[in-house]
There are 2 protein chains.
Amino acid sequence: MTLVDASLSISEAAERTGLSTHTLRYYEREGLMLGGVGRASSTHRRYVDADITWVEFLTKLRSTAMPISRIREYVALVRQGDSTTPARLELLLRHRETVVAQLDEMTRSLAAIDYKISTYRKGSK
Amino acid sequence: MTLVDASLSISEAAERTGLSTHTLRYYEREGLMLGGVGRASSTHRRYVDADITWVEFLTKLRSTAMPISRIREYVALVRQGDSTTPARLELLLRHRETVVAQLDEMTRSLAAIDYKISTYRKGSK
DNA sequence: CTAGAACTTAGAGCGCACTCTAAGTCAAAT
DNA sequence: ATTTGACTTAGAGTGCGCTCTAAGTTCTAG
């Protein structure tokens with residue numbers, strides 16, 4: 001970059017998001033980017049703010065175990081425009097339930113692990 | 001079973017634990033069972049209470065994303081006897097940290113998802 | 001103008017945790 | 001005694017989400 005520019009190269013975007021460049025390309029190939037990442041003055045990708053913001057949200061969906069295929073469905077809805085906001089809301093609400101269930105299960109498991117830890121600490125076998 | 005017996009067949013154990021018979025055999029092959037599952041009056045497996053209790057704890061470790069390889073290490077320590085309780089405690093404490101981190105990340109992600117849900121509800125884009 | 005680094009694509013490869021298959025053995029009920 | 005269904009093993013196959021490779025192109029610095 002010669003001039004100050006709001007957009008980032010793929011390696012800069014990787015650094016910003018904590019993903020690898022491989023993963024960023026993979027996500028794009030899989031149709032997970034909202035509008036297609038721009039190509040500037042060449043074939044090279046340029047990530048603008050909206051791209052980064054979306055990748056960050058996408059990362060939240062992944063970290064709560066939303067499958068790639070479900071994210072693709074969500075993206076397809078976004079692309080179809082404002083009329084799909086009820087469907088998007090529904091999709092997120094359904095996902096929310098799975099996240100709550102995961103948190104609940106993990107919390108219960110943590111309790112069991114803590115109990116086991118306490119038995120080791122007390123030396124009671 | 002003709003007589004009342006405290007032990008279970010593999011399919012009964014599967015039903016009790018919520019795992020498949022395939023998975024129970026897989027775990028055994030991978031060295032994740034504490035003492036080797038007994039074989040009664042034939043080559044058929046018989047799961048006693050201690051086996052079921054262990055499988056249930058093992059399931060907690062798995063549901064908190066402990067890798068099979070780490071569980072195998074833990075099992076190896078248990079097999080070595082009481083002298084390894086400090087090492088087991090250490091292993092569980094380390095794992096505990098990863099669980100807390102997972103819970104934290106998932107909770108943060110849930111907050112982001114909830115925020116997005118709220119924007120859809122307010123219709124503000 | 002040139003060298004080297006960073007980028008491009010298409011597609012192959014990998015690690016994990018199962019999950020299933022095939023071919024055969026065993027046991028409970030008739 | 002026979003049938004039916006559950007069980008056995010070893011090993012192959014699957015699905016997911018990356019992760020890497022190869023061969024070629026483009027940008028930047030000197």
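Numbers restart at 1 for each chain; the letters A, B, ... are given by sequence-line order, proteins then strands.
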Ignoring backbone atoms, test whether [X] places a side-chain nitrogen or oxygen under 4.0 Å from the OP1 or OP2 oxygen of [N].
X        : N       : result
Ser9(A)  : dC7(C)  : yes
Arg72(A) : dG17(D) : no
Arg45(A) : dT9(C)  : yes

Report task. Determine yes or no for a side-chain-to-main-chain donor-acceptor pair under 3.5 angstrom, with Ser9(A) supplying the side chain and Glu12(A) the backbone. Result -> yes
Distances for protein N/O vs nucleotides 15-19 of chain C N/O pairs under 3.5 angstrom?
{"residue": "dA17(C)", "atom": "OP1", "partner": "Ile68(B)", "partner atom": "N", "Å": "3.4"}
{"residue": "dC18(C)", "atom": "OP2", "partner": "Tyr27(B)", "partner atom": "OH", "Å": "2.9"}
{"residue": "dC18(C)", "atom": "OP2", "partner": "Arg62(B)", "partner atom": "NE", "Å": "2.8"}
{"residue": "dC18(C)", "atom": "OP2", "partner": "Arg62(B)", "partner atom": "NH2", "Å": "3.4"}

Taking atom [atom2] of [N] as reference, at what distance in whole Å does atom [atom1] of [X] sit?
X        : N       : atom1 : atom2 : result
Leu24(B) : dC20(C) : CG    : P     : 14 Å
Arg70(A) : dG17(D) : CZ    : P     : 11 Å
Arg46(A) : dT26(D) : CZ    : P     : 16 Å
Glu28(A) : dC7(C)  : CD    : C1'   : 13 Å
Arg25(A) : dC18(D) : CZ    : P     : 15 Å
Glu12(A) : dA6(C)  : CD    : C1'   : 11 Å
Leu58(A) : dG17(D) : CG    : C1'   : 12 Å
Leu19(A) : dG17(D) : CG    : C1'   : 12 Å

Report task. With sequence neighbours excluded, give me every salt bridge (Lys or Arg N to Asp or Glu O under 4.0 Å) pair touching residues 103-120 of chain B. Result -> Arg96(A)-Asp114(B), Asp104(B)-Arg108(B)
Query - Basic-acidic side-chain contact under 4.0 Å: Arg94(A), Glu90(A) - result: yes
Query raised in the report: Is any side-chain N of the basic residue among Arg39(A) and Glu28(A) closer than 4.0 Å to the acidic one's carboxylate O?
Result: yes
Report summary line: Separation between CZ (Arg16(B)) and CG (Asp49(B)), nearest 0.5 Å, reads 8.0 Å
side-chain contact (heavy atoms from CB on, under 4.5 Å) partners for [X], two or more places apart:
X        : answer
Leu34(B) : Trp54(B), Val75(B), Val78(B)
Thr59(B) : Leu19(B), Val55(B)
Ser83(A) : none

Would you tabulate the pairs of protein nitrogen or oxygen atoms and nucleotide nitrogen or oxygen atoms of nucleotides 22-26 of chain C closer than 3.5 angstrom?
none

Query raised in the report: Contact class for Ser11(A) vs. all strands (heavy atom < 4.0 Å): base, sugar-phosphate, or nothing?
Result: sugar-phosphate
Query raised in the report: Are Val48(A) and Met33(A) connected in the hydrophobic side-chain network, where two residues link if heavy atoms are under 4.5 Å apart?
Result: no
